[in-house]
Amino acid sequence: MSDRPRFRRPAMLSFEDAEKIEGDDDPAAASQVAMTSARALLGLSDEEFGPNAVENLVSAIEEEGVDIVADLWERSPEFTLPGAFWRLYLFNEWYQRDTLTVHQRYKEGLNAPFTAGIDDADPKPEAPDAEEVFGRVNNLMKGREFGDLTKLLRDSALVMRILASGATFGTTWIRSDKDRLANMVTRRASALIETAEELDTAADRSEAGRLI
């Protein structure tokens, strides 16, 4: 994903506020920056990054795209807020680029005899409307209203499982290493199931109030 633009300061931030989300080569600082930018999309401020800075950052994201902060999340563990957002970001980017393909494969997955990663002994969960789920994810990536975070994480995980359940969906669908979406999240159906499990874990933490 090296050809995606790296994070830079949104122009509407003050110098002081921009410094607080700039980050550097310090892993601890980078982790804090990733968390701050992810929390900003939820409208959350703290003592270091106040409400005005949050509003300005969200405005910059809406104007210039979430790419200006998404790279910050890539190295975050999957059980953290920015780690979960990184996975949702990649998933949403794939959908926005290949909407028809995703819809076709989702329909195929709905018609599969089982849902990947769901125990046969468990009741088959009700499938969400994929377009509606991606709409909420897209809203989240723009700092807009998206509903309940825990539910969004669980619904996104289930959409991933259904996509991975189609009879012909087991092969690689992003083949080139140079593709900007070439990532473990989007490479193979098995990786999609693993990502779904990670989002379910994030949803559990969100429900317990330990994700933010």
Side-chain angles (χ1 to χ4, degrees), residues 27-28 30-46 49 54 58 66 69-95 102 105-106 109-110 112 114-166 169 183-212:
S31 177
Q32 183 58 46
V33 168
M35 178 61 78
T36 296
S37 62
R39 283 171 53 88
L41 283 178
L42 301 179
L44 298 176
S45 60
D46 53 39
F49 203 71
V54 167
V58 170
V66 73
V69 296
D71 276 336
L72 297 170
W73 307 334
E74 183 173 3
R75 290 181 292 176
S76 299
E78 70 277 3
F79 53 82
T80 65
L81 185 68
F85 279 13
W86 171 249
R87 286 152 179 78
L88 291 177
Y89 166 77
L90 287 175
F91 198 41
N92 187 56
E93 287 290 296
W94 178 42
Y95 176 77
V102 174
R105 290 176 173 174
Y106 192 71
L110 289 174
F114 65 91
T115 301
I118 302 296
D119 194 310
D120 288 341
D122 295 333
K124 190 169 183 176
E126 182 177 353
D129 183 312
E131 185 174 0
E132 189 269 340
V133 172
F134 279 110
R136 282 188 282 145
V137 173
N138 198 45
N139 281 347
L140 169 63
M141 294 296 137
K142 293 181 179 179
R144 299 174 181 172
E145 178 59 40
F146 61 88
D148 179 74
L149 178 60
T150 301
K151 179 171 174 52
L152 179 59
L153 291 168
R154 293 202 193 285
D155 285 349
S156 297
L158 184 51
V159 169
M160 290 182 181
R161 293 183 189 280
I162 293 171
L163 280 167
S165 300
F169 196 48
N183 181 276
M184 64 168 291
V185 178
T186 54
R187 280 288 197 179
R188 296 179 181 273
S190 59
L192 206 57
I193 296 169
E194 182 178 342
T195 305
E197 292 172 352
E198 293 169 346
L199 288 181
D200 277 332
T201 298
D204 290 340
R205 292 178 63 86
S206 174
E207 191 170 37
R210 295 187 293 116
L211 187 64
I212 299 173

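The chain is numbered in sequence order, starting from 1.
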Exercise for review: Name all residues meeting the salt bridge (Lys or Arg N to Asp or Glu O under 4.0 Å) criterion together with Arg154; count only those two or more places apart in sequence or in a different chain, and write none if there are none.
Suggested key: Asp204, Glu207
Review point. Stepwise, does the side-chain contact (heavy atoms from CB on, under 4.5 Å) test hold for Tyr106 with Ile162?
Key: CA-CA 6 Å; Tyr106 192 71; Ile162 293 171; 3.4 Å; yes
Exercise for review: Decide side-chain contact (heavy atoms from CB on, under 4.5 Å) for Val69 and Tyr89; before the verdict, give the C-alpha distance in whole Å, the side-chain angles of both, and the deciding distance to 0.1 Å.
Suggested key: CA-CA 11 Å; Val69 296; Tyr89 166 77; over 6 Å; no
Study note, to complete from the structure: When rounded to the nearest 0.5 Å, the distance separating CG of Leu152 from OG of Ser206 is 9.5 Å
Practice item. Return the set of residues passing side-chain contact (heavy atoms from CB on, under 4.5 Å) with Leu42 (not counting sequence neighbours), or none when no residue passes. Key: Leu44, Leu81, Phe85, Leu140, Phe146, Leu149, Ile212
Review point. What's the spacing between Ser37 OG and Gln32 CD if we round to 0.5 Å?
Key: 10.0 Å
Exercise for review: Write down the atom of Trp73, the atom of Met141, and the distance for their closest heavy-atom approach.
Suggested key: CZ3-SD, 3.9 Å
Exercise for review: Please report the C-alpha distance between Glu145 and Asn139 in whole Å, then the side-chain angles of each, then the deciding distance to 0.1 Å, and finally whether the side-chain contact (heavy atoms from CB on, under 4.5 Å) criterion is met.
Suggested key: CA-CA 6 Å; Glu145 178 59 40; Asn139 281 347; 5.8 Å; no
Study note, to complete from the structure: For Phe134 and Asn92 the tightest heavy-atom approach is O-OD1, 3.7 Å
Practice item. Rounded to the nearest 0.5 Å, what's the gap from OG1 on Thr201 to CG on Leu211? Could you check? Key: 10.5 Å
Review point. Do the non-hydrogen side-chain atoms of Leu153 and Leu88 ever get within less than 4.5 Å of each other?
Key: yes
Check your understanding: What closest approach, in Å, do Ala203 and Thr150 show between heavy atoms, and which atom pair accounts for it?
Key -> O-CG2, 3.5 Å
Revision key, fill the gap. Residues passing the salt bridge (Lys or Arg N to Asp or Glu O under 4.0 Å) test with Lys142, sequence neighbours excluded, are none
Exercise for review: For Arg144, enumerate each residue passing the salt bridge (Lys or Arg N to Asp or Glu O under 4.0 Å) test, keeping only those at least two apart in sequence or located in another chain.
Suggested key: Glu62
Check your understanding: Any side-chain heavy atom of Arg87 sitting closer than 4.5 Å to one from Phe91?
Key -> no
Check your understanding: Which heavy atom in Trp86 sits nearest to a heavy atom in Glu74, and how many Å separate them?
Key -> CZ2-CG, 3.5 Å
Check your understanding: Are any side-chain N or O atoms of Thr80 and backbone N or O atoms of Ser76, one a donor and one an acceptor, separated by less than 3.5 Å?
Key -> no
Check your understanding: Would you call Leu199 and Met160 a side-chain contact if the rule is heavy atoms closer than 4.5 Å?
Key -> yes
Review point. Is there side-chain contact between Pro82 and Leu72, with heavy atoms separated by less than 4.5 Å?
Key: no
Check your understanding: Side chains of Glu131 and Tyr95: closer than 4.5 Å at any heavy-atom pair?
Key -> yes
Point to revise | Polar side-chain atom of Arg205 near backbone of Arg210 as donor-acceptor pair, under 3.5 Å | key: yes
Check your understanding: Is there side-chain contact between Leu158 and Thr115, with heavy atoms separated by less than 4.5 Å?
Key -> yes
**Study point:** Contacts of type salt bridge (Lys or Arg N to Asp or Glu O under 4.0 Å), residue Glu132, not counting sequence neighbours
**Key:** Arg136
Practice item. Could you list the residues that satisfy side-chain contact (heavy atoms from CB on, under 4.5 Å) with Val58, not counting sequence neighbours? Key: Val54
